[in-house]
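Have a look at the structure below, then the notes.
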Amino acid sequence: MHLILLGPPGGGKGTQAKILQDAYGLVQLSTGDMLRAAVASGSDIGRKAKAVMEAGQLVSDEIVIGIISDRIGESDCRNGFILDGFPRTVAQAEALDAMLTERGIKIDGAIEVRVPDGMIVERITGRFTCAKCGSGYHDKFQRPKVDGVCASCGGTEFSRRADDNAATVQSRLDAYHAQTAPILPYYEKKGVLQVVDGTLPIAEVTKRLKEIIEGAKRG
Ligand code: AMP
């Protein structure tokens with residue numbers, strides 16, 4: 001199974017990709033996570049990407065296409081993957097097509113998790129993750145059961161992303177509408193685009209995504 005999750009930043013793609021990864025044994029491929037790891041490691045790519053990410057703009061196609069093409073070739077991707085945050089431009093979508101054709105892989109679905117702009121700022125500025133295991137939480141929508149303690153691993157330290165602030169969110173939304181939304185018709189024309197209402201509760205969105213996956217499995 002090879003899926004693409006599309007939709008605005010803060011729309012829940014990462015949360016859902018993690019749930020589907022565990023449910024179906026697929027690998028979540030998040031270019032945002034890969035770039036943050038590159039920034040943390042201080043690599044060449046990380047140094048180039050840091051300021052661009054902090055400004056809420058898109059890192060160059062060349063860099064992200066290179067990262068994803070290396071990653072897709074790794075052995076854990078053989079059972080399938082969920083792309084989360086890639087492609088984000090038409091050039092990336094075309095490069096992805098070429099990579100997949102070369103490997104004989106076909107996309108089973110490109111799913112837009114649709115959330116209106118008005119809900120995005122609150123969603124993004126409230127989110128935080130466990131510093132130890134990476135479990136995601138939200139100040140309002142998904143607090144840990146015991147305040148200050150991660151429900152998954154018991155960790156007590158949490159972190160927030162540098163770009164999850166109100167000023168940067170607006171730039172990220174602008175980039176989404178100008179550069180990423182044009183890839184929706186690209187997948188629609190291919191007949192693989194489906195839309196899920198991302199304003200629903202997390203479990204409800206998961207249910208709909210699973211229905212789409214089960215439908216794709218049946219062919
Ligand atoms: P995300 O974690 O998906 O919200 O991505 C965080 C940031 O990483 C974005 O705001 C971009 O600066 C950068 N980024 C992630 N994926 C891509 C991509 N496919 N193309 C360009 N920039 C990306």
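One-based numbering, in listed order, for ligands and for the atoms of each. Counting from 1, the numbers follow the sequence of the chain as shown.
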At under 4.0 Å between heavy atoms, is it the side chain or the backbone of V59 that contacts ligand 1, or both, or neither?
both
Is L35 touching ligand 1 with its side chain, its backbone, both, or neither, if touching means heavy atoms under 4.0 Å apart?
side chain
In short, K13 meets P8 closest at the heavy-atom pair NZ-O, 3.1 Å
Does a salt bridge link [X] with [Y], judged by any charged N lying under 4.0 Å from a carboxylate O?
{"X": "R208", "Y": "E204", "value": "yes"}
{"X": "R78", "Y": "D76", "value": "no"}
{"X": "R71", "Y": "E74", "value": "yes"}

Using salt bridge (Lys or Arg N to Asp or Glu O under 4.0 Å) as the criterion, point out the one residue from R172, R123, R36 that pairs with D164.
R172
Decide whether an N or O pair under 3.5 Å exists between [X] and ligand 1.
{"X": "Q57", "value": "yes"}
{"X": "D163", "value": "no"}
{"X": "G85", "value": "yes"}

Would a single hydrophobic cluster contain both I82 and F86, if residues Ile, Leu, Val, Met, Phe, Trp and Tyr are joined by side-chain heavy-atom contacts under 4.5 Å?
no
May I have the step-by-step check of side-chain contact (heavy atoms from CB on, under 4.5 Å) for R160 and D139, ending in yes or no?
CA-CA 11 Å; R160 288 177 193 258; D139 292 327; 2.9 Å; yes
Quick one: CD on E112 to CD on Q194, what's the gap to the nearest 0.5 Å?
11.5 Å
Which residue owns the protein heavy atom closest to atom 15 (C) of ligand 1, what's the atom, and how far is it?
R88 NH1, 3.3 Å
Among all protein heavy atoms, pick the one closest to atom 4 (O) of ligand 1 and tell me residue, atom and distance.
R161 NH2, 3.1 Å
Going by heavy-atom distance to atom 8 (O) of ligand 1, choose the closest among E54, M53, K50.
M53
Atoms of ligand 1, numbered as shown, that sit under 4.0 Å from any heavy atom of [X]:
{"X": "R36", "value": "2 (O), 6 (C)"}
{"X": "R172", "value": "4 (O)"}
{"X": "Q92", "value": "18 (C), 19 (N), 20 (N), 21 (C)"}

